[in-house]
Amino acid sequence: MSTLAHSEQPTRITVIGAGVIGLSSAHELASAGHQVTVIADQDSLETVSAVAAAIWFPYHSENSPAADLLLARSLARFEQLADIAETGVDLRTGLNVDHVPGADRSWTKIVANVTEAPPADLPEGAFGGAYATVPIITMSTYLLWLKHEVEKLGVTFIHETIKELKELEHDADVVVIAGGLRGGELLGDDDTVYPIRGQVLRLANPNNLRSWLCDDDYPDGVSYIIPRRDDIIVGGTDTAHDWNQEVDPATATQILCRATALVPELAGLQVLEHKVGLRPARASIRLELVSGHPLPVVAAYGHGGAGVTLSWGTAQRVAELVDSALS
């Protein structure tokens, strides 16, 4: 946990962004006794976080020792939250398929009890696969729970678009940029952030399917089937530099066809919803103190498709960086 700077008044911290990174950071900062305000132009359920499947898995994100620490911290927190029913977090076992020789399995050293899948369990053409038990997060439930938790800690919310950081210099002591795709724009020194478009379907789950399956390199396109409490998220797409947020019907048909080929139990299930989200990607996560502004700034963006997966680790690091800025 963070500690307060030595002052009579709590430090005023403004978090820009109400997605999972912003809310998690607000939670950790408020838990440390800071006075936290979240400013966002989107409600939490309108952000890309709400489109996430969401499974704890480092998808389209940085692979480094620093990221491994974020992964481990987040996994530990989500495992704790799985004991609280109202969070929407569940531990589920599933299969991650490797279609490419030498596929990155660095994530497996963080997860307990990973086992090799027998060849009979693998799709045609796969080189291998691993069974693992990881958190599955029903985001509509989780985001509402998390927002309620931060409100109980005294965090206030303002619906507003911040165009320049100087707008905040009289109202905050520290600013945290958790603005996703707008992170670099707000800081004015980073044009490397780009979207990775993700399109998914949300299916009914009348048969209570519980096992997940991810096949990022499936020959016909990335495929994942993530059963949650009351539905199944089926994806997807991973098109870089694509800003289109409209649902493409032909793409939806292709997604469902290849998912059904992998999991035949999906055939005939009711389609509840189509969704599109733009994952905020970058060559590496930007998680650091940024100088050159009228007040201390902490950057926390560029998580790609692993915002949920890295959220609690990121939030803990944000709190540590705020402590550094105040010391």
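Source: prediction; values computed, not measured.
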Side-chain donor-acceptor pairs under 3.5 Å in residues 111-118, sequence neighbours left out?
residue : atom : partner : partner atom : Å
Glu116  : OE1  : Arg105  : NH1          : 2.7
Glu116  : OE2  : Arg105  : NH2          : 3.1

Side chains of [X] and [Y]: does their closest heavy-atom pair fall under 4.5 Å?
{"X": "Leu181", "Y": "Tyr301", "value": "no"}
{"X": "Ile84", "Y": "Val89", "value": "no"}
{"X": "Thr237", "Y": "Ile255", "value": "yes"}
{"X": "Thr11", "Y": "Leu326", "value": "yes"}
{"X": "Gln35", "Y": "Ile13", "value": "no"}
{"X": "Leu153", "Y": "His27", "value": "yes"}
{"X": "Val200", "Y": "Tyr224", "value": "yes"}
{"X": "Leu29", "Y": "Val322", "value": "yes"}

Please output the side-chain donor-acceptor pairs of residues 121-129 that fall under 3.5 Å, not counting sequence neighbours, one pair per line with the distance.
residue : atom : partner : partner atom : Å
Asp121  : OD2  : Tyr131  : OH           : 2.7

Search all heavy atoms of [X] against all heavy atoms of [Y] and return the closest pair with its distance.
{"X": "Ala30", "Y": "Val36", "value": "N-CG2, 3.7 Å"}
{"X": "Pro195", "Y": "Leu278", "value": "CB-CB, 4.0 Å"}
{"X": "Gly313", "Y": "Ser74", "value": "N-OG, 2.7 Å"}
{"X": "Thr47", "Y": "Ser44", "value": "OG1-O, 2.7 Å"}
{"X": "Glu28", "Y": "Ala319", "value": "CB-CB, 4.4 Å"}
{"X": "Asp189", "Y": "Arg286", "value": "OD1-NH1, 2.9 Å"}

Pairing residues for [X] by the side chain to side chain contact (heavy atoms under 4.5 Å, CB included) criterion, not counting sequence neighbours:
{"X": "Val308", "answer": "Val20, Ala52, Ala54, Phe78, Ile137, Met139"}
{"X": "Leu144", "answer": "Leu45"}
{"X": "Glu46", "answer": "Gln42, Asp43"}

message = I'd like to know if Arg73 pairs up with Glu320 as an ion pair, taking the criterion as any Lys NZ or Arg NE/NH1/NH2 lying under 4.0 Å from an Asp or Glu carboxylate oxygen.
response =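 Answer for the salt bridge query: yes.
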Donor-acceptor pair, side chain of [X] and main chain of [Y], under 3.5 angstrom:
{"X": "Ser327", "Y": "Ser324", "value": "yes"}
{"X": "Thr87", "Y": "Ala82", "value": "no"}
{"X": "Gln270", "Y": "Leu203", "value": "no"}
{"X": "Arg282", "Y": "Ser284", "value": "yes"}
{"X": "Thr239", "Y": "Asp242", "value": "no"}
{"X": "Thr14", "Y": "Val175", "value": "no"}
{"X": "Thr133", "Y": "Leu91", "value": "no"}

Heavy-atom neighbours of Asp230 CG exceed 12 at 6.0 Å =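 Open: at most 12 neighbouring heavy atoms sit under 6.0 Å from CG of Asp230.
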query = Is there a side chain to side chain contact (heavy atoms under 4.5 Å, CB included) between Ser24 and Thr314 once you walk through the steps?
reply = CA-CA 8 Å; Ser24 304; Thr314 296; over 6 Å; no
[X] [atom1] to [Y] [atom2] distance, which is reported to the nearest 0.5 Å:
{"X": "Phe57", "Y": "Thr309", "atom1": "CZ", "atom2": "OG1", "value": "8.5 Å"}
{"X": "Leu295", "Y": "Leu168", "atom1": "CG", "atom2": "CG", "value": "7.0 Å"}
{"X": "Leu70", "Y": "Ser311", "atom1": "CG", "atom2": "OG", "value": "10.0 Å"}
{"X": "Ile136", "Y": "Asp90", "atom1": "CD1", "atom2": "CG", "value": "8.5 Å"}
{"X": "Gln80", "Y": "Trp312", "atom1": "CD", "atom2": "CH2", "value": "10.0 Å"}
{"X": "Asn205", "Y": "Leu272", "atom1": "CG", "atom2": "CG", "value": "9.5 Å"}

Selection residues 191-202 - residue pairs positive for salt bridge (charged side-chain N to carboxylate O under 4.0 Å, His left out), sequence neighbours left out = Arg202-Asp231, Arg202-Glu273
Non-neighbouring partners of His241 that pass ring-ring contact (aromatic ring centres under 6.0 Å, His included), sequence neighbours left out =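 For His241, the residues satisfying ring-ring contact (aromatic ring centres under 6.0 Å, His included) (neighbours in sequence not counted) are Tyr194.
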Of all pairs that satisfy side chain to side chain donor-acceptor pair (under 3.5 Å), the ones with a partner from residues 168-186, not counting sequence neighbours = Arg12-Asp173, Arg182-Glu185
task = For residues 253-265, pull every pair meeting side chain to side chain donor-acceptor pair (under 3.5 Å), keeping only residues two or more places apart or in separate chains.
result =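 Found Ser223-Arg258.
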inquiry  = Run Ser25 and Ile21 through side chain to side chain contact (heavy atoms under 4.5 Å, CB included) and show every step you take.
reply    = CA-CA 6 Å; Ser25 297; Ile21 299 296; 4.2 Å; yes
Side chains of residues 155-165: which donor-acceptor pairs under 3.5 Å do they make with residues two or more places apart or in other chains?
residue : atom : partner : partner atom : Å
Thr156  : OG1  : Thr37   : OG1          : 3.2
His159  : NE2  : Asp41   : O            : 3.2
Thr161  : OG1  : Asp41   : OD2          : 3.4

task = Test side chain to side chain contact (heavy atoms under 4.5 Å, CB included) on Arg279 and Asp238 and set out the steps.
result = CA-CA 9 Å; Arg279 309 173 181 103; Asp238 58 353; 4.1 Å; yes
request  = Output all residues satisfying salt bridge (charged side-chain N to carboxylate O under 4.0 Å, His left out) with Glu149, sequence neighbours left out; order by chain, then residue number.
outcome  =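 Glu149: salt bridge (charged side-chain N to carboxylate O under 4.0 Å, His left out) contacts with Lys152.
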request  = Going by the side-chain contact (heavy atoms from CB on, under 4.5 Å) test, name the single residue among Ile233, Asn96, Val134 that passes it with Ile55.
outcome  =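 It is Val134, the one option of Ile233, Asn96, Val134 that forms the side-chain contact (heavy atoms from CB on, under 4.5 Å) with Ile55.
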Donor-acceptor contacts under 3.5 Å from residues 206-215 side chains, at least two apart:
residue : atom : partner : partner atom : Å
Trp212  : NE1  : Arg92   : O            : 3.0
Asp215  : OD1  : Tyr218  : N            : 3.2
Asp215  : OD2  : His99   : NE2          : 3.0

